Amino acid sequence: MDARTITAKERMAIPRQEMPAQDPQVRIGNFNEVNLGLTPEQAQQEALRCIQCKDPVCIAGCPVSIKIDQFIKLIAEGDFMGAVRKIKEDNVLPSICGRVCPQEDQCEKVCVIGKKHKPVAIGNLERFVGDYERMSGQKIDPVIPAPTGKKVAVVGSGPAGLSCANDLAQYGHKVVVFEALHELGGVLMYGIPEFRLPKEIVREELEGLRRMGIEFRTDVVVGRTITVDELMEEEGFDAVFIGVGAGLPWFMGIPGENLVGVLAANEFLTRVNLMKAYDFPKSSDTPVFDCKGKNVAVFGGGNTAMDAVRTAKRLGAEHAYIVYRRSEKEMPAREEEIHNALQEGVEFLLLTIPLEFIGDEKAWLTGVKCQKMELGEPDDSGRRRPVAVPGSEYVLPIDMAIISIGNGSNPLIRQTTPDIEVSKKETIVVDVNTMQTSKENVYAGGDIVTGGATVILAMGAGRTAAAAINEKLAGTAKNFNEW
Amino acid sequence: MYRIVSAIFLAENIKKIEIEAPRIAKKRKAGQFVIVRINQNGERIPLTIADSNPETGTITIIAQGAGKSTRELNRKEAGDSIADVVGPLGTPSHIENFGTAVSIGGGVGTAIAYPTAAALKEAGNYVITINGARSKDLVILEEEMKAVSDEAYITTDDGSYGFHGFVTQKLQELIDSGKKINFVLAIGPIPMMRAVAEVTRPHGIKTVVSLNPIMIDGTGMCGGCRVTVGGEVKFGCIDGPEFDAHQVDFKNLADRNRIYQHEEKEADDTFAHQCNLTGQA
Ligand SMILES: Cc1cc2nc3c(=O)[nH]c(=O)nc-3n(C[C@H](O)[C@H](O)[C@H](O)COP(=O)(O)OP(=O)(O)OC[C@H]3O[C@@H](n4cnc5c(N)ncnc54)[C@H](O)[C@@H]3O)c2cc1C
Ligand SMILES: Cc1cc2nc3c(=O)[nH]c(=O)nc-3n(C[C@H](O)[C@H](O)[C@H](O)COP(=O)(O)OP(=O)(O)OC[C@H]3O[C@@H](n4cnc5c(N)ncnc54)[C@H](O)[C@@H]3O)c2cc1C
Ligand code: SF4
Ligand code: SF4
Ligand code: FES
C-alpha cells in the first residue's frame with residue numbers, strides 16, 4: 001500500500017502491528033531484550049494507520065511535544081532518516097523513550113484511532129526510527145557552533161542531565177557532567193534491566209554526546225567531592241544543572257524489615273544491572289542473593305517492582321510474587337511490563353499488604369505475614385483506598401523480600417547547599433518555566449524536582465533548563481560586551 | 001584510573017596504600033571513607049581514609065585482606081592503578097574538645113581510628129589510645145598513634161606485646177583507676193565495639209563506634225548499608241559511619257553482614273586457587 005493512494009477504508013483495515021518478542025519460556029532463561037523491534041515493513045504498515053489528524057491531539061499527550069504526525073508521515077513514506085531528524089527536534093533519545101515511555105498513558109492514550117480501534121503504536125514507531133538510525137551507521141552528529149566561552153556543570157548523568165548537556169553543547173557552551181557512580185546513565189544504567197533497555201544503546205548515546213565535546217567525570221559525588229558553590233566559585237562554572245534523581249529508597253517500617261534477605265529494589269537492581277552480579281563469580285566480583293529455586297516477593301506495583309520481580313525470575317526464582325495493596329488496574333507500572341511479567345509466570349498477589357517479616361533463629365527471612373484488602377472509597381489521588389479485611393491474615397513463605405515502594409530524595413545536595421530551596425517532601429523547588437532554583441544560576445530537573453517520575457519528563461526538564469540557562473548566559477554575555 | 005604512589009605491608013595481610021586522588025585529598029575530613037573498585041569486574045568496597053596530603057594530592061588507605069577484593073587490592077604495588085576511587089564519603093567525625101578522649105582500635109580498626117584520634121588531639125583533648133591486636137606482629141601504626149596520644153597502650157590477645165588481654169579490659173582498668181573519661185571512640189570487629197559499648201554504658205560515657213555495613217554506592221541510593229540505631233533505620237553511608245554506640249543494634253549489623261557469606265567464600269576460594277596456579281599468592 002502506498003502512503004499517497006491508500007483509502008480511508010484500507011487504512012482502518014490494517015491491524016496494529018504486533019512487535020515480535022522472545023518467547024516467555026525462553027526469555028526467563030536469559031537477560032536479552034524481550035521485544036525484538038518492528039521490521040521496516042511493519043513500521044510502514046503501522047505508520048499508515050495514522051490518519052494525519054488536522055489537530056494531532058497525540059502531540060498534547062507527549063510531555064515533550066514530539067511532532068508525532070510529521071514523523072509518522074515520514075515513516076509511511078519510507079524516509080526513516082527524515083523521521084529520526086524530525087523526532088530529534090524534540091527528543092534526543094528516541095531509542096530509549098520508545099522503549100520505556102508509558103505510551104498508553106500519554107501520546108497513545110489520546111490518539112483518535114484509539115477510540116474505535118487500537119491506537120497508533122507511536123512508541124514502537126519511535127523506537128523503530130531510533131534503532132534504524134543506530135543500526136544504519138548513518139548517525140548524524142549535530143553541528144556544534146563556535147564556543148561561547150561559557151562553562152556549565154551538569155550534576156548527574158541520568159536522562160535529565162544527559163538531555164540538558166546535549167542541548168547546552170548544541171548552544172555552544174562547554175559542558176562537564178559530574179556523576180557519582182563509576183558508570184554514566186543514571187537509572188537507565190543501574191535501574192532498568194538489560195531485558196528492557198539494552199545497555200549498549202545507552203552507551204552508544206553517550207558516545208554521541210562525547211563526540212559533541214561534552215566531558216564526563218565519573219566518581220564525583222557533588223556535595224562530598226565538591227560542592228555546588230565550589231563548582232561555580234573555584235572551578236569557574238557559569239551555571240549548574242542538578243539532575244541527581246530520586247535516590248534514597250523508602251522502607252515500609254514494618255517489623256522484621258531488617259532481617260537478612262530483605263532488601264530495597266535499588267540494591268537488588270544495582271547489584272544485577274550495574275555490578276553485573278548475574279555473572280558472579282565469573283566476570284563480576286559482586287554477589288547477589290542466590291534466587292535459584294527460592295521464593296521471592298516484591299512489594300510494590302510500579303516499573304521498579306516489575307523490573308525487580310522479572311529479574312528474580314531470570315535469576316531462577318521458583319516463585320516470584322508481586323505483592324500489591326491495590327488491584328491490577330491501579331498499578332503504576334507500564335501496561336506492557338505487567339503483561340510481560342504475567343507471561344513470564346510472575347504471580348500477582350493483589351489487594352494484599354505485608355504486616356510483618358518473619359525470620360529464623362539466624363535472622364534470615366523465612367516468610368511474610370500478609371493481610372487481604374478490599375477497595376473502599378477513592379482517596380485524594382482518585383484511586384480507591386484499600387481497607388484491611390479482618391481475619392484474612394496468612395503467612396507466605398519467602399526467602400527474599402524486595403521493597404519497591406518508591407524513593408525519597410537524596411540529602412547530599414540540600415545539606416551542602418542550604419540556599420537551594422526544597423519542598424516539604426525535600427524535592428528541589430524550581431520555577432517550572434525555567435527550572436531555575438532559588439539559587440542564582442543553579443537549575444534543577446528530573447526526579448529530584450518531581451519525585452520519582454518518568455524518563456521523558458526528566459528529559460523534558462533537562463531541555464527546558466538548557467534553554468533557560470542559554471538565555472541567561474547569553475544575557476550575561478551581552479552585559480559583558482557592553483562593558 | 002587512580003595511580004598508586006606507594007604500597008607497603010604494615011603487618012601480615014595489612015597494607016598501607018597511597019593513591020593519587022587530588023579532589024578527595026583536598027576535601028576529606030577525619031572519619032570519612034572512599035569506595036574503591038579495583039578493576040572493571042571489581043566490587044565497590046568501602047575503605048576509610050587513614051590520611052591525606054592535599055599538597056601532593058594523595059590519600060592513604062590501610063586495607064586488611066578479608067576476602068577476594070581486599071586481597072586483590074593488597075597485591076597492588078606502587079605504579080599500579082585502580083579503576084575507581086570515589087569520596088570522601090560519610091559524615092565526618094564530630095570533633096570537639098571533650099576533655100579526656102579514649103580512642104580504641106581493634107585490628108585494622110586502629111587504622112580507621114587513627115585520623116579521628118589525631119583530630120581529637122588537634123582539638124585539644126587529652127588523648128588516650130588503646131590499640132589491640134591478636135599478637136605482636138599484627139600491631140600496626142604504633143609510632144603514629146604514640147605521636148597523637150598523651151597515653152598510648154597496646155594490648156595483645158596472646159600477651160606477646162604490651163598489655164595481655166582485650167582492649168575492653170584495659171579500658172575497664174582505666175575507668176576503675178578513677179580516671180575521668182569524657183569520650184570514647186571504638187573501631188574494630190563488631191564483637192569488640194559491642195563489648196566497649198557495654199563497658200562504658202554503666203558509666204554514661206559518650207561512646208561512638210564506626211560501623212561497617214555492606215555498601216554499594218555509598219551515596220544513599222541502594223539502602224544496602226542500613227543499620228538500626230535507637231530503633232530507627234539509618235543509612236551507614238550518609239548518616240554514618242559513626243553512630244552512638246549505646247544506640248546501635250549490633251546483632252542486627254552482625255546478622256546482616258553475613259548475607260553474602262557463602263558467595264564471598266566462593267569468590268575468595270576461586271581467587272586463592274587461581275593465585276596458587278599462577279604461583280603468585
Ligand atoms: C527500576 C526502574 C525502572 C523504571 N522504569 C521506567 C520506565 O519504564 N519508564 C519511565 O519513563 N521511567 C521509568 N523509571 C523512572 C525513570 O527512570 C526516572 O524517572 C528517570 O531516570 C529520572 O531521571 P533523572 O535524570 O532525574 O535521574 P536518574 O536517572 O536517577 O539519574 C540521576 C543520576 O545522578 C547521579 N547522582 C546522584 N546524586 C549525585 C551527586 N550528589 N553527585 C553526582 N551525581 C549524583 C546518580 O548516580 C544518577 O546517575 C524507572 C525507574 C526505576 C528505578
Ligand atoms: C565505612 C567503612 C570503612 C571501612 N574501612 C576499612 C579500612 O579502612 N580497612 C579495611 O581493611 N577494611 C575496611 N572496611 C571493611 C571493608 O570494606 C571490607 O573488609 C571489604 O569490603 C571486604 O571485601 P572482600 O571482598 O575483601 O571480602 P569479602 O569476602 O567480600 O567480605 C568479608 C567481609 O567484609 C564485609 N563486606 C563484604 N563486602 C562488603 C562491602 N561491599 N562493603 C562493606 N563490607 C563488606 C562482609 O561483612 C564480609 O563478611 C570498611 C567498611 C566500611 C563500611
Ligand atoms: S516520547 Fe513518549 S510520550 Fe512522547 S511521543 Fe514518544 S512515546 Fe509518546
Ligand atoms: S492522534 Fe493518532 S491518528 Fe491522529 S495524528 Fe496522532 S497518531 Fe496520528
Ligand atoms: S551504600 Fe547504598 S545506600 Fe549506603
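Here the structure is a predicted model, which is why all the values come from computation and not from measurement. In the text below, chain A, chain B and the rest are named by the order of the sequence lines, each starting its count at 1.
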Exercise. What part of B:Gln40 is in contact with chain A, defined as an atom under 4.5 angstrom from a non-hydrogen atom: side chain, backbone, both or neither?
Worked result: neither
Exercise. Between B:Glu198 and B:Arg194, is there a salt bridge with N-O shorter than 4.0 Å?
Worked result: no
Exercise. With respect to chain A, which residue among B:Arg226, B:Glu43, B:Arg23, B:Arg256 yields the maximal number of heavy-atom pairs within a distance under 4.5 Å?
Worked result: B:Arg226
Problem set entry | Check ion pair A:Lys294-A:Glu318 (N to O, under 4.0 angstrom) | no
For this session: Could you tell me which portion of A:Leu269 (side chain, backbone, both or neither) has an atom closer than 4.5 angstrom to a non-hydrogen atom of chain B?
Result: neither
Exercise. Is the centre of the A:Phe299 ring less than 6.0 Å from the centre of the A:Phe357 ring?
Worked result: yes
Seminar exercise, completed: Honestly, the part of B:Leu253 sitting under 4.5 Å from a heavy atom of chain A is neither
Problem set entry | Basic-acidic side-chain contact under 4.0 Å: B:Glu20, B:Arg3 | yes
For this session: Could you tell me which of B:Gly67, B:Ala83, B:Gly90 has the largest number of non-hydrogen atom pairs under 4.5 Å with chain A?
Result: B:Gly90
For this session: Examine whether an atom of A:Leu181 lies under 4.5 Å from a heavy atom of chain B, and if so say whether it belongs to the side chain, the backbone or both; otherwise answer neither.
Result: both
For this session: Counting only heavy atoms closer than 4.5 Å, note whether A:Trp250 contacts chain B via side chain, backbone, both or neither.
Result: neither
Exercise. Which answer fits B:Val85, side chain, backbone, both or neither, if we ask what part of it has an atom under 4.5 Å from a heavy atom of chain A?
Worked result: backbone
Exercise. When you check the gap from the basic side-chain N to the acidic O, do B:Lys15 and B:Glu77 get nearer than 4.0 Å?
Worked result: yes
Exercise. Taking only residues at least two apart or on different chains, which pairs with a member in residues 25-40 of chain B satisfy salt bridge (charged side-chain N to carboxylate O under 4.0 Å, His left out)?
Worked result: A:Glu230-B:Lys27, A:Glu234-B:Lys26, B:Arg37-B:Asp84
Problem set entry | Part of A:Glu235 within contact of chain B (heavy atom distance under 4.5 Å) | side chain
Problem set entry | Side chain, backbone, both or neither of A:Phe289 within contact of chain B (heavy atoms, under 4.5 Å) | both
Exercise. Is chain A contacted by the side chain of B:Cys237, its backbone, both, or neither, given a heavy-atom distance below 4.5 Å?
Worked result: backbone
Seminar exercise, completed: If one checks every heavy atom of A:Val262 against chain B at 4.5 Å, the contacting part turns out to be both
For this session: Salt-bridge test for A:Arg203 and A:Glu200: reply yes if a basic N is under 4.0 Å from a carboxylate O, no otherwise.
Result: yes
